[in-house]
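The structure appears below as structure tokens.
Remember, predicted model here, so these are calculated numbers, not experimental data. Worth knowing before you read on, the calculation uses all heavy atoms, side chains too, and leaves out hydrogens, waters and symmetry mates.
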Amino acid sequence: MTSESGRRTGSGAGSGSEAVGWAAVEAAAPEFAALVRERFGLHRHHVLATLRKDGAPRLTGLEADFRFGELWLGMMTGSRKVQDLRRDPRFALHVNPGGGTDLAGGDVRVSGRAVEVGDPGLKARYAAAVQPPEPFELFRALLTEVVRTSVEAPFMKLEVWRPGRQLRTMRRTSQDPEVLAGPVVGEGVRPIDG
């Protein structure tokens, strides 16, 4: 489990990599953070990935909310995703792709650890601002990675931000030598015919 301070506790709490609140992303990479937040704002519902008790992934819908310098994950009391996050706080959140195939604004995902809000005052402040259906559970997202993929013809543009690092931007095409060569066998990849 993860405490409200963001420290890991218990088993299954993640890789131990640094995790930060949304305000840290905005401070480190403001233009990138604005694009990510804008993309989340295009739709209300997104896709949350948590880990089931047996370690298998669980995908569920979720309303994500940027408020008070944080990314909040609100959930119905007793839901499976609440149980998952209490057991193992690791998550990934994928922005709703919307209709069509153009992915206007790019494809965005964030990952990290979810910290359950136990402070009644903070939960009440959030409830007053958002007015969610009650009762509800509230988690603050501590992020280990923020990724935005977009098209910048003729390239696929990949932007990756991680705590303590500069924003990294890569541009690729399907004709890049490393793409054509395929994954390197021996680095956790099995050969197709093996």
Side-chain angles (χ1 to χ4, degrees), residues 2-8 13-51 57 59-75 81 85 88-98 100-117 122 125-126 129-130 138-174 176 178-179:
T2 304
S3 69
E4 285 199 52
S5 67
R7 289 189 205 94
R8 296 180 308 122
S15 64
S17 60
E18 183 181 4
V20 298
W22 180 252
V25 181
E26 290 182 325
E31 291 177 16
F32 173 69
L35 289 171
V36 168
R37 189 170 173 167
E38 179 181 325
R39 183 62 184 86
F40 267 104
L42 292 178
H43 300 281
R44 185 173 181 166
H45 296 96
H46 306 287
V47 179
L48 177 71
T50 58
L51 295 171
L59 297 176
T60 55
L62 178 87
E63 292 181 31
D65 184 45
F66 292 88
R67 191 173 304 274
F68 318 130
E70 300 287 354
L71 171 57
W72 302 98
L73 312 173
M75 301 165 211
K81 57 192 156 196
L85 290 173
D88 187 330
R90 293 176 294 172
F91 76 92
L93 181 63
H94 188 264
V95 73
N96 184 328
T101 59
D102 66 347
L103 282 176
D107 184 56
V108 171
R109 65 182 163 81
V110 300
S111 55
R113 293 188 299 274
V115 179
E116 187 166 10
V117 174
L122 180 55
R125 178 181 177 210
Y126 181 85
V130 177
L138 184 63
F139 291 81
R140 182 170 57 101
L142 290 180
L143 304 171
T144 56
E145 184 177 66
V146 181
V147 178
R148 179 176 178 263
T149 305
S150 59
V151 175
E152 195 175 83
F155 301 103
M156 180 69 68
K157 180 179 174 185
L158 182 67
E159 298 166 281
V160 179
W161 183 88
R162 293 184 179 126
R165 299 183 187 175
Q166 295 292 323
L167 177 65
R168 182 174 175 206
T169 302
M170 298 158 277
R171 289 173 179 81
R172 303 178 67 172
T173 72
S174 58
D176 288 347
E178 65 273 8
V179 173

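Panel note: side chain W72, backbone R67; a donor-acceptor pair is recorded below 3.5 Å. With hydrogens and angles disregarded, no donor-acceptor distance shorter than 3.5 Å links the side chain of R90 to the backbone of L51. Listed for the H46 side chain is a donor-acceptor partner under 3.5 Å among the backbone atoms of N96. Between the side chain of K157 and the backbone N or O of R148 there is no donor-acceptor pair closer than 3.5 Å.
To the nearest 0.5 Å, atoms CZ (R171) and CD (E159) are separated by 7.5 Å. In this structure, the separation between CG on L48 and CG on L85 is 6.0 Å, given to the nearest 0.5 Å. For the atom pair CG of L93 and CZ of R109, the computed distance is 11.5 Å after rounding to the nearest 0.5 Å. Interatomic distance, K81 NZ to M75 CE, rounded to the nearest 0.5 Å: 6.5 Å.
Nearest heavy-atom pair, A114 versus L73, reported as atom, atom and distance to 0.1 Å: CB-CD1, 4.3 Å. The minimum heavy-atom distance between A129 and F68, with the atom names listed, is CB-CZ, 4.1 Å. Residues A64 and L71 approach most closely at CB-CD1, 3.9 Å, considering heavy atoms. Of all heavy-atom pairs between L142 and A19, the closest is CB-CB, 3.7 Å. Of all heavy-atom pairs spanning F40 and F66, the tightest one is CB-CE1, 3.6 Å. Closest heavy-atom contact between G106 and S150: CA-CB, 4.1 Å.
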Mind running ring-ring contact (aromatic ring centres under 6.0 Å, His included) on W161 and F32 for me, showing each step along the way? CA-CA 9 Å; W161 183 88; F32 173 69; 7.7 Å; no

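Counting heavy atoms from C-beta on, the side chains of H45 and E63 come closer than 4.5 Å. The closest side-chain heavy-atom distance from H94 to D107 is below 4.5 Å. A heavy-atom distance below 4.5 Å is not found between the side chains of Y126 and V117. Taking the side chain as every heavy atom from C-beta outward, V95 and H43 never approach each other to under 4.5 Å. Counting heavy atoms from C-beta on, the side chains of E31 and L167 never come closer than 4.5 Å. By the 4.5 Å heavy-atom criterion applied to side chains, V110 and F91 are counted as neighbours.
Residues satisfying the side chain to side chain contact (heavy atoms under 4.5 Å, CB included) criterion with V160, sequence neighbours excluded, are E145, V147, L158, R162, M170.
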